[in-house]
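Okay, so here's the structure we're looking at.
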Amino acid sequence: MVVLLSAWACAGSPAADDSLRRIKEAGVLRWGADVQGGAPYIYEDPDHPEKLRGFEVDLAEALASELGVKAEFVQNDWSALVPSLERGTFDIAMNGLEVTPARTGVVLFTRPYYVFASRLMARRDDPSVVADLDSLKGKRVGTLTNSYTADQLLAKGIEPVYYEGTDEPYQDLVAGRIDAVFHDDIIAGIYGEPRPQLRVVGDFADGFYSIATPKTDHSLRDAVDAALEKIIQSGKLEEILRKENIWNDRQIGLIAWSDADQRRLLGEPVVSTLRWSHMIAFVQAAGVTLVLSILAMAIAIPLGLGLAVCRLYGNAVVSRVAEAYVELYRGTPVLLQLYVLYYGLADVIKLDAFTAAIIGLGMNYAAYEAEVYRAGIQAVPKGQMEAALSLGMSTPLALRRVVLPQGFRLALPSVTNDFIALLKDSSLVSVITVVELTKRMTITAVDVRSWAIPGLMCALLYFVMSYPLSLFARRLEARLARS
Amino acid sequence: MIEVHALCKAYGPRKILNDISLSFAAGQVVSLIGPSGGGKSTLLRCLNGLESFDGGSIEIGGQKLVPGGAKVNARALAAVRQKVGMVFQQWNLFAHRTALGNIIEAPIHVKGLSVAEASERAHRLLKQVGLGHRADAYPHEMSGGEQQRVAIARALAMEPAALLLDEPTSALDPERVGEVLDVLTALARGGLTMLVVTHEMRFAREVSDRVLVLHGGTVIEDGPPAEVLERPQNERTRAFLGLDRGPR
Ligand SMILES: Nc1ncnc2c1ncn2[C@@H]1O[C@H](COP(=O)(O)OP(=O)(O)OP(=O)(O)O)[C@@H](O)[C@H]1O
Ligand SMILES: [Mg+2]
């Protein structure tokens, strides 16, 4: 197994460095970034949604034309930019990628093209957040998963609340779901500062955005470096940055960037390794997944049963409403439902992330359970209801005592299978900041630059949770078949 | 105790019950016979409201059922169903309950008996139908004859004034028919009012006080068994009973 994995890992990286030649021959420079990161980095033109804008889009064009090729954008989830770069999904990664010791261990960085500050923001009416990272201990601080700012918080022993988008943390800060947001100043300037309820608490250590190439592609890195040098010296970079209103005095340092500066920036690469603490965090996250799934199912089962009964036995209106519920929830992505419930309805009901996750998944699964129960109830022979009625039971009593228990039994294997599916679907709640097993795996994998071991760990934990259930479902099925 | 007045029932354009008027006295044991499709089951199902009807009325122990189905008759139905028990051809025991569980269900939840009272009654009835030892068996663990006897005990547990039975022995293996008929015979002797749809001519002849022949939705014969079965007036009855085929 280990041999296989390492063989597979080796196969992913090209043996000799022909990277620059390859790109020139292909005539395109593929650059990876995440449109979800939004303005000013890369975003869809509001007037022409098919057209991309942003200072990194302009910079990619400029670099490509310096190299005599065309730029080709490749969409990639931000937190997975480095692993995707390593496996060759694109040639360079350029998307507010901060130079961190962990990253310098696994990729090659060019000279920086932007200097940012890590900016701490809080609510105006909350004076308890002060310009000192240590004061944040015990507070809920939002930031982007696997970002430089997240690393800074972790270094102070603060476990951040992880977001996947740039706007959401500020939205939650206003809503009071978190106490502060620690993020790059560019992002703070666009998404945080315009909100009148928020204030800037302070700026911390300068950080640098650089372009990353795979570890082996020295010729490419050097060529991009040289192209960047030209773009900076010609004033083109300033022009690009000014276009997005993000030019400031910090950027002047980029013009006279020396080799010594670059060496200092890269420092000693740190290769983070898998530690025991990671394993413990995995098991804890598996606990979150399990509890979340059980509680969501505890909503889905009774709600689904109610919906099924309404659909089968309710009057025309009730039955239609139940049907509409089922179709609506089955017909739209659960991810969307979670977004609407957590962010969309924040003005109406302010649920905390975990509660929203439980309710969101529970309401979604109720639609599936309703259909399973409906089939189960319909599979109960008609004679059972008639026998109950003939004994003087009312229809509701006959349902409760005779039909539903049997229908539920018939449905139980499917319900168990649904629960197994729910265990896995629960990973979607990471979009509303709940750190469950899959999210923990992603964070760790990016942190230690290895997907194999964390991936296997994660898979093993899911298996340990779902296999007994799967056996249970099979036994139930066998018992039903016998009676 | 049961009065049927001008009962009419149709499925779409097809008339199933055609202007039926009948009257059953308390304590009477009536066999309902006739060719397949004659409307026997339909009549029985109308009598306890499992089926709605289109015209006429049914009066049972002072409660009147009228056309319009369960909605119109809700209150009367609740009373009627406690007065007349029903036994089905396919038993219809509650599959998720034991023999005992089947019997105590309605007494507890409809009549409000305590579990102890209901269980005591159930054990007595199980003994009465010869199944004292099968109280804890589930339906799928019992033979058809045993299940049907539990079904009879279940109906009796509600202390009905009358019992409606729709071909109680038709789905049984031949060697199991006897045990169910024995139970029914004992009940008949005990004075229970019964309306039995049956193909068991011996039962009709020896146990019942009265035989009805239903054909094409009308009662074509009604009288004591000796008369109806030996000297039927209607030629269709003669055909049905096979009396025209000459001496046997
Ligand atoms: N739900 C229904 N829809 C339409 N027609 C029906 C329905 N139920 C019964 N019928 C018809 O009504 C007629 C009488 O049926 P019923 O079951 O009362 O006859 P039966 O005398 O009990 O016959 P058998 O001896 O075969 O049980 C039959 O022709 C049958 O096809
Ligand atoms: Mg019939």
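Predicted, not measured: the structure shown is a model, and the values here were computed from it. Below, chains carry the letters A, B, ... as their sequence lines are ordered, and counting in each starts from 1.
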Exercise for review: Below 4.5 Å from any heavy atom of chain B, which atoms of A:Ala388 appear? Answer side chain, backbone, both or neither.
Suggested key: both
Point to revise | Non-hydrogen side-chain atoms of B:Glu105 and A:Arg401 separated by less than 4.5 Å | key: yes
Check your understanding: For B:Glu3, does the CD atom have more than 12 heavy-atom neighbours from other residues, nucleotides or ligands under 6.0 Å away?
Key -> yes
Review point. Does any heavy atom of chain A fall under 4.5 Å from the side chain of B:Leu93, the backbone, both, or neither of them?
Key: backbone
Practice item. Measure across A:Gly392 and B:Gln82 and return the closest heavy-atom pair with its distance rounded to 0.1 Å. Key: CA-CG, 4.5 Å
Practice item. Select one option (side chain, backbone, both, neither) describing which atoms of B:Arg45 are under 4.5 Å from chain A's heavy atoms. Key: side chain
Study note, to complete from the structure: If one checks every heavy atom of B:Phe88 against chain A at 4.5 Å, the contacting part turns out to be side chain
Check your understanding: Is it the backbone or the side chain of B:Val80 that comes under 4.5 Å from a heavy atom of chain A, or both, or neither?
Key -> neither
Point to revise | Pairwise side-chain contact, B:Arg81 with A:Leu391, heavy-atom cut-off 4.5 Å (strictly under) | key: no
Review point. If you count heavy-atom pairs under 4.5 Å between each of B:Lys83, B:His109, B:Met86, B:Glu141 and chain A, which one has the most?
Key: B:His109
Study note, to complete from the structure: One should read off an interatomic distance between B:His96 NE2 and A:Gln384 CD, to the nearest 0.5 angstrom, of 7.5 Å
Review point. So with a 6.0 Å cut-off around CZ of A:Arg320, is the heavy-atom count from everything else above 12?
Key: no
Review point. Does OH belonging to A:Tyr467 count more than 12 external heavy atoms closer than 6.0 Å?
Key: no
Exercise for review: Work out which heavy atom in B:Asn48 is nearest to a heavy atom in A:Ser390; give both atom names and the distance.
Suggested key: ND2-CB, 3.5 Å
**Study point:** B:Lys111 NZ: over 12 foreign heavy atoms closer than 6.0 Å
**Key:** yes
